[in-house]
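Here the structure comes first, spelled out in C-alpha cells, and everything after it is commentary.
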Amino acid sequence: MALKTSVKVGSISNLSDARYCSGMSVEMLGFCVVEGHDHYVSPEFFTEIRGWFSGPSIVAEAYGLQNATDLDKINNHYHPDYIEISVEELSKIQPGNGKYILSTSYEEILSQASVLALFKQQIQKIIIPATTRKKEIAELALQYSVLIRIDSASSIDTIVNDPSITGIVLEGSPEDKPGLKNYEHLSAILELLEVID
C-alpha cells in the first residue's frame with residue numbers, strides 16, 4: 001500500500017494510533033517528548049510502543065524544550081530521525097548534526113531569517129498552516145520541503161496536486177480505553193490518499 005503524498009501524524013500517545021498509521025503507510029510518526037505537555041510519552045512507554053511497528057520515521061516533538069541539555073536526553077532516550085520544534089526552541093540550542101522539522105509560518109520565516117540561517121543545513125522540513133497562500137508556499141518550497149497542517153479532507157486534492165507541497169500533517173488522538181480506538185478523523189483523510197493499484 002502507498003499514499004499519494006508524504007504524511008506525518010503527530011501527537012501519537014498510544015499503540016493503536018502507531019500501528020494503524022504504520023499499516024496505512026504513514027511516513028512519519030510524532031511523539032511529544034517534553035514532560036508536562038499534552039500527549040507526553042515517557043521514554044519507557046515509547047520503547048514499548050516502538051517495538052510493535054516498523055517503517056515510519058520517528059519525530060520527537062520537542063515543543064517547550066528548555067535547553068540543549070534536554071535535547072541530548074531526548075536523542076539518547078528516543079533516538080528520533082527528526083526533532084520537531086518551533087523557532088522559540090530553535091533559538092535556545094546551537095547548530096549541530098540533528099535533523100529538524102520546523103513548525104512555523106511564512107511571516108515568521110521572513111522575520112526570523114537570521115536565526116534560521118544558522119540551521120539551514122539541519123532544517124529538513126517545515127510545517128505551515130493550510131491557510132498559507134499558494135504564492136507563499138511556492139516561495140518557501142524553493143528553500144524547504146513543505147508540509148501543510150490540515151484537519152479536514154476538504155483540501156486534499158488541492159494539496160496533492162500542488163508540486164510545491166511535499167506532504168501533510170495530521171494529529172493522533174487519545175484512546176477511549178486501551179485497545180478501543182476511533183480512527184475516523186485519520187481514516188477520512190488517509191483513505192483518500194491511498195494509491196489504488
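The aromatic rings of F46 and F31 sit perpendicular to each other, their planes meeting at more than 60°, with 30° as the lower class boundary.
Environment of CD in E107: crowded, with over 12 heavy atoms of neighbouring residues, nucleotides or ligands closer than 6.0 Å. Within 6.0 Å of CG in N76 there are more than 12 heavy atoms belonging to other residues, nucleotides or ligands. Within a 6.0 Å sphere centred on CG of D151, other residues, nucleotides and ligands contribute 12 heavy atoms or fewer.
In this structure the side chain of L147 never reaches within 4.5 angstrom of the side chain of I168, judged on heavy atoms. With contacts defined as side-chain heavy-atom distances shorter than 4.5 Å, the pair L186/V26 does not qualify. Here the side chains of S6 and E27 are in contact, with some heavy-atom distance below 4.5 Å. For the pair I165/V160, no side-chain contact is recorded, criterion being any heavy-atom separation below 4.5 Å from C-beta on. Annotation: side chain of L29 is not in contact with side chain of S57 (no heavy-atom distance under 4.5 Å). Between I109 and I126, the closest side-chain pair of non-hydrogen atoms falls below 4.5 Å. Looking only at side-chain heavy atoms (C-beta outward), S42 and E35 stay at 4.5 Å or farther from each other. The closest side-chain heavy-atom distance from I85 to F119 is not below 4.5 Å.
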Inset, instruction - Go through the steps for Y106 and E139 under the test side chain to side chain donor-acceptor pair (under 3.5 Å), then give the verdict. - result: CA-CA 9 Å; Y106 176 79; E139 187 178 327; 2.9 Å; yes
Requested in this report: Dump the intermediate steps for side-chain contact (heavy atoms from CB on, under 4.5 Å) on L170 and V7, then the final yes or no.
Outcome: CA-CA 7 Å; L170 305 171; V7 178; 4.1 Å; yes
Could you give me the CA-CA distance, side-chain angles and deciding distance for I12 and V41, then say whether side-chain contact (heavy atoms from CB on, under 4.5 Å) is met? CA-CA 8 Å; I12 300 285; V41 175; over 6 Å; no
Under the salt bridge (Lys or Arg N to Asp or Glu O under 4.0 Å) criterion, do K4 and E194 qualify, and how do the steps go?
-> CA-CA 6 Å; K4 296 175 184 176; E194 283 186 73; over 6 Å; no
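For the pair S105 and P129, the tightest heavy-atom approach, listed with the atom from each and the gap, is CA-CD, 4.4 Å. When all heavy atoms are compared, the tightest approach of L3 to V195 is C-CG2, 3.7 Å. Pairing each heavy atom of D17 with each of G172, the nearest pair is OD2-CA, 3.3 Å. Here the shortest heavy-atom pairing between S91 and E88 reads OG-O, 2.7 Å. Here the shortest heavy-atom pairing between S173 and S13 reads O-OG, 4.4 Å. Nearest heavy atoms, I93 versus A68: CG2-CA, 4.0 Å.
Using a distance-only test at 3.5 Å, with no hydrogens or angles considered, no donor-acceptor pair links the side chain of D162 to the main chain of T158. Here the side chain of H185 pairs a donor or acceptor atom with the backbone of E171 at under 3.5 angstrom. Although no hydrogens or angles enter the test, the distance criterion places a donor-acceptor pair under 3.5 Å between the side chain of R50 and the main chain of F53. Between the side chain of Q122 and the backbone N or O of G98, at least one donor-acceptor pair lies under 3.5 Å.
Note that CD of E184 and OG of S187 are 6.5 Å apart. Values are rounded to the nearest 0.5 Å. Here the straight-line distance linking atom CD of E48 with atom CG of L15 works out to 7.5 Å at 0.5 Å rounding. The SG atom of C32 sits 7.5 Å away from atom CG of D38, with the distance rounded to the nearest 0.5 Å. The distance from atom SG of C21 to atom CG of L190, rounded to the nearest 0.5 Å, is 6.5 Å. For the atom pair CD1 (I159) and CG (D157), the distance works out to 9.5 Å, reported to the nearest 0.5 Å.
Ion pairing between a basic and an acidic side chain is recognised when a charged N comes within 4.0 Å of a carboxylate O; E61 and K8 show such pairing. Salt-bridge formation is not detected for the pair E84/K125: no Lys NZ or Arg NE/NH1/NH2 atom is positioned less than 4.0 Å from an Asp or Glu carboxylate oxygen. We find that E89 and K92 are not joined by a salt bridge, their nearest charged nitrogen and carboxylate oxygen being 4.0 Å or further apart.
Side-chain heavy atoms closer than 4.5 Å link hydrophobic residues (I, L, V, M, F, W, Y) into clusters, and following such links, possibly through other members, connects I128 to I156. No single ILVMFWY cluster, assembled from side-chain heavy atoms under 4.5 Å apart, contains both V9 and V169. Hydrophobic clustering (ILVMFWY, side-chain heavy atoms < 4.5 Å, transitive): W52 and V59 are in distinct clusters. Residue I127 is not grouped with residue I58 when hydrophobic side chains (ILVMFWY) are merged at heavy-atom distances under 4.5 angstrom, including chains of intermediate members. Note on L140 and I101: separate hydrophobic clusters, where clusters join Ile, Leu, Val, Met, Phe, Trp and Tyr whose side-chain heavy atoms are under 4.5 Å apart, directly or indirectly.
Between the side chains of S111 and E108, no donor-acceptor pair is found at a separation under 3.5 Å. Y144 and Q124 share no side-chain donor-acceptor pair at under 3.5 Å.
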